[in-house]
Amino acid sequence: YRCVTLYMIRNNIGLDEEEKIKELLTKIDINLTKENGIPKFYLDGEDVSKQIREKEVNELVSQVSHIPVVRENMVNLQRKMAEGKRVIMEGRDIGTNVFPNANVKIYLDATPEERANRRYKQNLESGITDISYEEILQNVIFRDNNDKTSSVAPLKQAEDAVYVDSSDLTIEQVVDKIISIIKERE
């Protein structure tokens with residue numbers, strides 16, 4: 001969704017320009033790779049891992065993700081990426097919409113303040129310094145509300161998902177908890 005948003009920004013495509021959005025979805029090339037264990041996002045062959053986390057994309061990605069044709073296209077891409085593989089995917093509607101029949105579903109949560117704090121630190125480590133903690137927090141709260149009230153694949157916990165609040169957990173503790181849940185469910 002962030003790559004589509006960046007493409008729309010770069011090409012001055014508005015949220016209401018459905019025909020242009022449909023056209024871009026037929027020609028856009030999005031790839032995800034790992035380099036030295038770090039996920040890298042490529043848009044039409046360009047590494048945009050940093051750009052998709054910047055302020056302009058953050059402010060628009062939630063609205064773009066709720067455009068039905070974008071959502072449908074990205075869900076199909078996610079399903080294709082996972083085809084024939086054992087995968088772990090994260091996203092706001094993975095367990096309810098993208099993979100409703102997944103063997104293991106985890107609803108990983110944290111307070112808006114903690115998620116904003118984590119994103120702020122991640123941004124600083126990536127050299128993104130034009131977004132304050134307060135702006136990130138406002139964006140997290142806006143996006144949560146927008147996603148929970150959306151008529152298109154709203155954010156909600158799947159009935160069979162295990163709830164994990166990671167607010168007070170380290171990354172290692174979250175990983176351990178998730179591994180434990182996966183082993184228990186399989």
Side-chain angles (χ1 to χ4, degrees), residues 1-9 14-16 18 21 25 28 30 32 39 41 48-49 51-82 87-123 128 131-169 171 173-175 177-178 181-182 185:
Y1 295 102
R2 288 178 174 277
C3 286
V4 172
T5 303
L6 180 60
Y7 187 98
M8 288 175 64
I9 291 167
L15 294 169
D16 59 346
E18 190 172 333
I21 294 169
L25 291 169
I28 194 171
I30 299 170
L32 171 64
F41 294 86
V48 294
S49 304
Q51 292 90 333
I52 62 171
R53 298 286 178 201
E54 292 177 341
K55 185 176 183 175
E56 201 172 13
V57 171
N58 282 338
E59 291 176 348
L60 201 57
V61 68
S62 182
Q63 295 94 307
V64 170
S65 73
H66 293 295
I67 298 170
V69 68
V70 172
R71 170 87 35 195
E72 179 182 335
N73 189 277
M74 293 297 101
V75 166
N76 289 338
L77 178 62
Q78 290 166 323
R79 288 177 178 157
K80 185 177 178 183
M81 288 170 61
V87 298
I88 296 175
M89 284 197 166
E90 61 89 18
R92 291 179 171 240
D93 69 340
I94 296 295
T96 55
N97 186 43
V98 182
F99 295 107
N101 298 319
N103 294 335
V104 181
K105 297 179 196 170
I106 299 168
Y107 188 87
L108 186 61
D109 200 6
T111 64
E113 293 79 11
E114 181 58 26
R115 288 184 285 135
N117 185 49
R118 291 172 184 171
R119 178 55 51 91
Y120 180 71
K121 287 178 181 177
Q122 182 183 40
N123 283 353
I128 300 170
I131 309 173
S132 70
Y133 165 82
E134 290 77 18
E135 288 175 297
I136 294 170
L137 178 59
Q138 286 177 337
N139 183 267
V140 166
I141 293 169
F142 169 80
R143 186 168 176 204
D144 282 353
N145 183 60
N146 195 41
D147 289 356
K148 287 177 181 176
T149 59
S150 173
S151 60
V152 180
L155 169 62
K156 63 182 178 179
Q157 180 177 340
E159 288 181 23
D160 56 343
V162 177
Y163 181 83
V164 175
D165 183 346
S166 69
S167 300
D168 298 319
L169 302 177
I171 291 172
Q173 289 171 321
V174 172
V175 170
K177 193 166 194 79
I178 289 172
I181 293 166
I182 291 170
R185 291 281 177 114

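FYI, the numbering just counts along the sequence from 1. Heavy-atom basis, side chains included; hydrogens, waters and symmetry copies ignored.
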K.L.:
Take atom CD in Gln122; do more than 12 heavy atoms of anything else shown fall under 6.0 Å from it?
P.N.:
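Enclosed.
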
K.L.:
In terms of side-chain geometry, is the basic nitrogen of Asp165 or Lys177 positioned less than 4.0 Å from the acidic oxygen of its partner?
P.N.:
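No, no charged N to carboxylate O under 4.0 Å.
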
K.L.:
Could you give the distance from CG (Leu6) to CD (Gln51), rounded to the nearest 0.5 Å?
P.N.:
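It comes to 6.5 Å.
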
K.L.:
Is there side-chain contact between Leu155 and Tyr107, with heavy atoms separated by less than 4.5 Å?
P.N.:
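In short, these two side chains touch, coming nearer than 4.5 Å.
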
K.L.:
For residues Ile52 and Val57, report the shortest heavy-atom separation together with the two atoms involved.
P.N.:
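So the minimum-distance heavy-atom pair works out to O-CG1, 3.3 Å.
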
K.L.:
How about Ile30 and Val4: do any of their side-chain heavy atoms sit closer than 4.5 Å?
P.N.:
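The answer is yes; the side chains approach within 4.5 Å.
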
K.L.:
Rounded to the nearest 0.5 Å, how far apart are OH of Tyr163 and CD1 of Ile106?
P.N.:
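The distance works out to 13.5 Å.
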
K.L.:
Does Ile88, at its CD1 atom, have more than 12 non-hydrogen atoms belonging to other residues, nucleotides or ligands within less than 6.0 Å?
P.N.:
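No - once you tally the heavy atoms of other residues, nucleotides and ligands closer than 6.0 Å, there are 12 at most.
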
K.L.:
Taking atom CD of Gln78 and atom CG of Asn73, what is their separation to the nearest 0.5 Å?
P.N.:
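So the CD of Gln78 and the CG of Asn73 are separated by 10.0 Å.
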
K.L.:
Pick out which of Arg2, Arg53, Met8 makes a side-chain contact (heavy atoms from CB on, under 4.5 Å) with Val61.
P.N.:
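Of Arg2, Arg53, Met8, side-chain contact (heavy atoms from CB on, under 4.5 Å) with Val61 is met by Arg2 alone.
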
K.L.:
After noting the C-alpha distance and the side-chain angles of Asn58 and Ile136, does the key distance pass the side chain to side chain contact (heavy atoms under 4.5 Å, CB included) rule?
P.N.:
CA-CA 8 Å; Asn58 282 338; Ile136 294 170; 5.5 Å; no

K.L.:
With rounding to the nearest 0.5 Å, note down the distance linking CG in Leu15 to CG in Leu60.
P.N.:
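It is 5.0 Å, given to the nearest 0.5 Å.
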
K.L.:
Would you say the side chain of Val104 lies within less than 4.5 Å of the side chain of Ile178, judging by non-hydrogen atoms?
P.N.:
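They are not in contact (no side-chain heavy atoms under 4.5 Å apart), so the answer is no.
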
K.L.:
Which of parallel (below 30°), tilted (30 to 60°) and perpendicular (above 60°) describes Tyr120 and Tyr133?
P.N.:
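Aromatic pair Tyr120/Tyr133 classed perpendicular.
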
K.L.:
Check for a donor-acceptor pair, side chain of Thr96 on one end and backbone N or O of Ala158 on the other, with a separation under 3.5 Å.
P.N.:
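No: the side chain of Thr96 does not pair with the backbone of Ala158.
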
K.L.:
Looking at Glu114, I'd like to know if its CD atom is crowded, meaning that more than 12 non-hydrogen atoms belonging to other residues, nucleotides or ligands lie closer than 6.0 Å.
P.N.:
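Result for CD/Glu114: enclosed.
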
K.L.:
Taking Ser166 for its side chain and Leu169 for its backbone only, find out whether a donor-acceptor pair lies under 3.5 Å.
P.N.:
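No: the side chain of Ser166 does not pair with the backbone of Leu169.
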
K.L.:
Would you check if Phe99 and Arg79 make a side-chain contact, meaning some heavy-atom pair closer than 4.5 Å?
P.N.:
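Yes, side chains in contact.
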
K.L.:
Side-chain contact, heavy-atom cut-off 4.5 Å: Ile131 with Arg119?
P.N.:
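SC-SC contact between Ile131 and Arg119 ruled out.
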
K.L.:
Val164 and Ile181: side chain to side chain contact (heavy atoms under 4.5 Å, CB included), yes or no, with the steps?
P.N.:
CA-CA 10 Å; Val164 175; Ile181 293 166; 3.6 Å; yes

K.L.:
Evaluate side chain to side chain contact (heavy atoms under 4.5 Å, CB included) for Thr5 paired with Val70, printing each intermediate quantity in order.
P.N.:
CA-CA 10 Å; Thr5 303; Val70 172; over 6 Å; no

K.L.:
So Glu54 and Asn123, do their side chains get closer than 4.5 Å, heavy atoms only?
P.N.:
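The answer is no; the side chains never approach within 4.5 Å.
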
K.L.:
Locate the shortest heavy-atom distance separating Ile28 from Tyr7; write the atom from each residue and the value.
P.N.:
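Reported closest heavy-atom pair: CD1-CB, 3.8 Å.
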
K.L.:
Quick check for you: to the nearest 0.5 Å, what is the distance between Gln157 atom CD and Lys105 atom NZ?
P.N.:
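Those atoms lie 10.5 Å apart.
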
K.L.:
So Asn146 and His66, do their side chains get closer than 4.5 Å, heavy atoms only?
P.N.:
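SC-SC contact between His66 and Asn146 confirmed.
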
K.L.:
Closest approach of Ala153 and Asn97, non-hydrogen atoms and distance?
P.N.:
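For Ala153 versus Asn97, the nearest heavy atoms are CB-ND2, 3.6 Å.
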
K.L.:
Please tell me whether Ser150 and Arg71 have a donor and an acceptor in their side chains that are separated by less than 3.5 angstrom.
P.N.:
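There is no such pair between these side chains.
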
K.L.:
Apply side chain to side chain contact (heavy atoms under 4.5 Å, CB included) to the pair Leu137 and Ile141, showing each step before the final yes or no.
P.N.:
CA-CA 6 Å; Leu137 178 59; Ile141 293 169; 3.9 Å; yes

K.L.:
If I compare all heavy atoms of Ser49 with all of Phe41, which pair ends up nearest, and what's the gap?
P.N.:
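Closest pair (atom of Ser49, atom of Phe41, distance): OG-N, 2.9 Å.
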
K.L.:
Rounded to the nearest 0.5 Å, what's the gap from CZ on Arg143 to OG on Ser65? Could you check?
P.N.:
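Here the rounded value is 6.0 Å.
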
K.L.:
With a 4.5 Å cut-off on side-chain heavy atoms, are Asn139 and Lys55 touching?
P.N.:
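They are not in side-chain contact.
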
K.L.:
Using every non-hydrogen atom in the two residues, find where Ala110 and Arg118 come nearest and quote the distance to one decimal.
P.N.:
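Where Ala110 meets Arg118 most closely, the heavy atoms are CB-NH1, 3.8 Å.
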
